[in-house]
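All remarks here apply to the structure that follows.
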There are 2 protein chains.
Amino acid sequence: MGAETTRAHIVEAADRLFYHQGYGHTSFAAIAEAVHISRGNFYYHFKSKDDILRAVIVARLESRRRMLEQWEAEESDPAGRIRRFIEIVVTNRADIQSYGCPVGTLTTELAKLGHPALDEAGELFTLFRAWLREQFTQLGHPARADALAMHVLAFSQGVATLAHAFRDEDFIRREVRRMHDWLSAYSAGSEAAVPAAHEDGAQADA
Amino acid sequence: MGAETTRAHIVEAADRLFYHQGYGHTSFAAIAEAVHISRGNFYYHFKSKDDILRAVIVARLESRRRMLEQWEAEESDPAGRIRRFIEIVVTNRADIQSYGCPVGTLTTELAKLGHPALDEAGELFTLFRAWLREQFTQLGHPARADALAMHVLAFSQGVATLAHAFRDEDFIRREVRRMHDWLSAYSAGSEAAVPAAHEDGAQADA
DNA sequence: CACCGCGTAGGACGGCTGTCCTATTATTCC
DNA sequence: GGAATAATAGGACAGCCGTCCTACGCGGTG
C-alpha cells in the first residue's frame, strides 16, 4: 500500500476518534488498531502525536472549505447560504447529539490542555466566522456583518452543546426554526426591514 | 487538622483544577500539590478519582442552588431573576474567557470519556433548566416555559464557548444586550405582548 | 505514663502512554 | 535476479498514572 494512502487512513481514523473520544483520551494504540497497523509504524508517517493532530485539523479545514464552496455553488443568494449553515445542526443532529460539535469540543479541549495546536484549531472557527461575515455583507449589512456572524456561531455552539447534553432532537428543530425566523428579518432585502430594538426575539417556539 | 476540613480543601482544589485543566488531564499529584498533602493520603478521604469527581459535582450543585436561592431572595419578579441568569456570562466573563462554562465543558468532557458520572454532571444543567422553566411559568408562559428555558441555556452555552475561543468581551456584552431585548418581549406582563412570528430576532446589535 | 485511633506520609505496584530503535517484509529499478 | 529503497512490524524504554500498603506522628483518654 502506498504511504499516502496509509497516511490518509491514519488521519481519517484519528479524526473520527478525536471527535468521538477527545484528543487526550485517544491513544496511539487505539488509532493503530482502527487502521490495522502496528504502533511503531506510526512514526514513519508522523513524528509525534501533535503531528497527527495538526494533520487532522488541516483535513477538517479543507473539508469545511470544500463544504462552504459547494454551498456557494448551489445557493445563489447569501441568505440561502446562511440558512445552510443554520441547518448544519439538523443535518448532523445524530453526531451532534452523540459527540457535540467537532469544532467547539476540540477547541475547548485543546484550550484546557494548553496544547500548542490550539491556534490552528481556532482557525476552524475563524473560517466560519469570516465566511458568515462575507454572507451578511453581501446581504447588505456590512457594518453589522461580524456581529451577526458571531451570533450565528453562538447559536450553533449553544444548540450543539445542549443537544449533546440532553439528546433532544425537538430542541434542535425548535431553535433552528427560531433562527430562520430571526434571519428572515435581515434577508428581506433592505436595511429598513430590520425591526427596531424591543420588537425582536419572540415567536411561536413552543 | 480535621478530616472534614482537609476533605473540603481537596474538593475545592479539585473543583478549580477540573475547571481549569479538565478532569482527565488533572492528576492526583496535581491536586495533592495544590492542597499540600501527600498522594497516598488521598485514599483516606476518597476511595477513587471518580469519588472526588462526584464530590465536586455535589459541591457545584449546592453552590448553584445557593446562588439561585439568593436570586429569589433579592429579585422579586421572575423577569429580574432571568436577567440575573443572562448576566452570568458578563459577571463571570474573566473565567469564561479563560476556561469556558464550568457546566458545559465538564459535561462535554465526561460524555467523551464515557464516564459513569455523566448523569450526575447533567443534573447541573437540569437544575438550571428547571429553575428557568419555573421563572418563565411565573412570568405567564407556562406552555412555552421549558422551550424558553432551553433557549436561555443555549444562549449562555453559545456565548461561553465562543467567548472562550475568541476571548472577546465585547461579543459577550453584545449578546447579553440582545438577550435582554429578547426577554423584554416576554416580560411585558401579558401574553399578548409577545410579537408574532417573523417579527422577531433583530435589534441594534452592532 | 501507656495506649489507642485519627490523620498523614511516602514509597511500591502494575498498567498504560508516547517515543524510539531495530529487524523484517514488500516494492521498485537496473 | 539482485540490489536499493519503501513500508511495516514489534519490542524496549522511561515516565506518568491511579491505586494500594505500611509505617509514622500526634492528640486525647484511661
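Chain identifiers are assigned alphabetically (A, B, ...) following the order of the sequence lines, protein sequences preceding nucleic acid strands; residue numbering begins at 1 within each chain.
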Counting only non-hydrogen atoms, which of residues 26-33 of chain A are less than 4.0 Å from DNA chain D?
none

Can B/H115 and B/D50 be counted as having a side-chain donor-acceptor contact under 3.5 angstrom?
yes

Gap between atoms CG and C1', on B/D50 and D/dC17 respectively (whole Å)
14 Å

Please report, rounded to the nearest Å, how far the P atom of D/dC20 is from the NZ atom of B/K49.
15 Å

Are A/E4 and A/R7 ion-paired here, with the side-chain N under 4.0 Å from a carboxylate O?
no

Can a salt bridge be assigned to the pair A/R93 and A/E169 using a cut-off of 4.0 Å between side-chain N and carboxylate O?
yes

Looking at B/E75 and B/R83, does any basic side-chain N land under 4.0 Å from a carboxylate oxygen?
no

For atom CZ of B/R7 and atom C1' of C/dT8, their distance in whole Å:
17 Å

Just to verify, what does B/F155 make a ring pair (Phe, Tyr, Trp, His ring centres under 6.0 Å) with, not counting sequence neighbours?
none

I need the minimum non-hydrogen distance between B/M67 and B/F128, along with the two atoms involved.
CE-CE2, 3.9 Å

Would you say A/T6 places a side-chain N or O within less than 4.0 Å of OP1 or OP2 belonging to D/dT8?
yes

Mark yes or no: A/R60 above the aromatic ring of A/F18, with NZ or CZ under 6.0 Å from the six-membered ring centre and no more than 45 degrees from the axis.
no

Does the pair B/E69/B/R66 count as a salt bridge with the N-to-O cut at 4.0 Å?
no

So, with a heavy-atom separation below 4.0 Å from DNA chain C, the residues of residues 34-47 of chain B are B/I37, B/S38, B/R39, B/G40, B/N41, B/Y44, B/H45

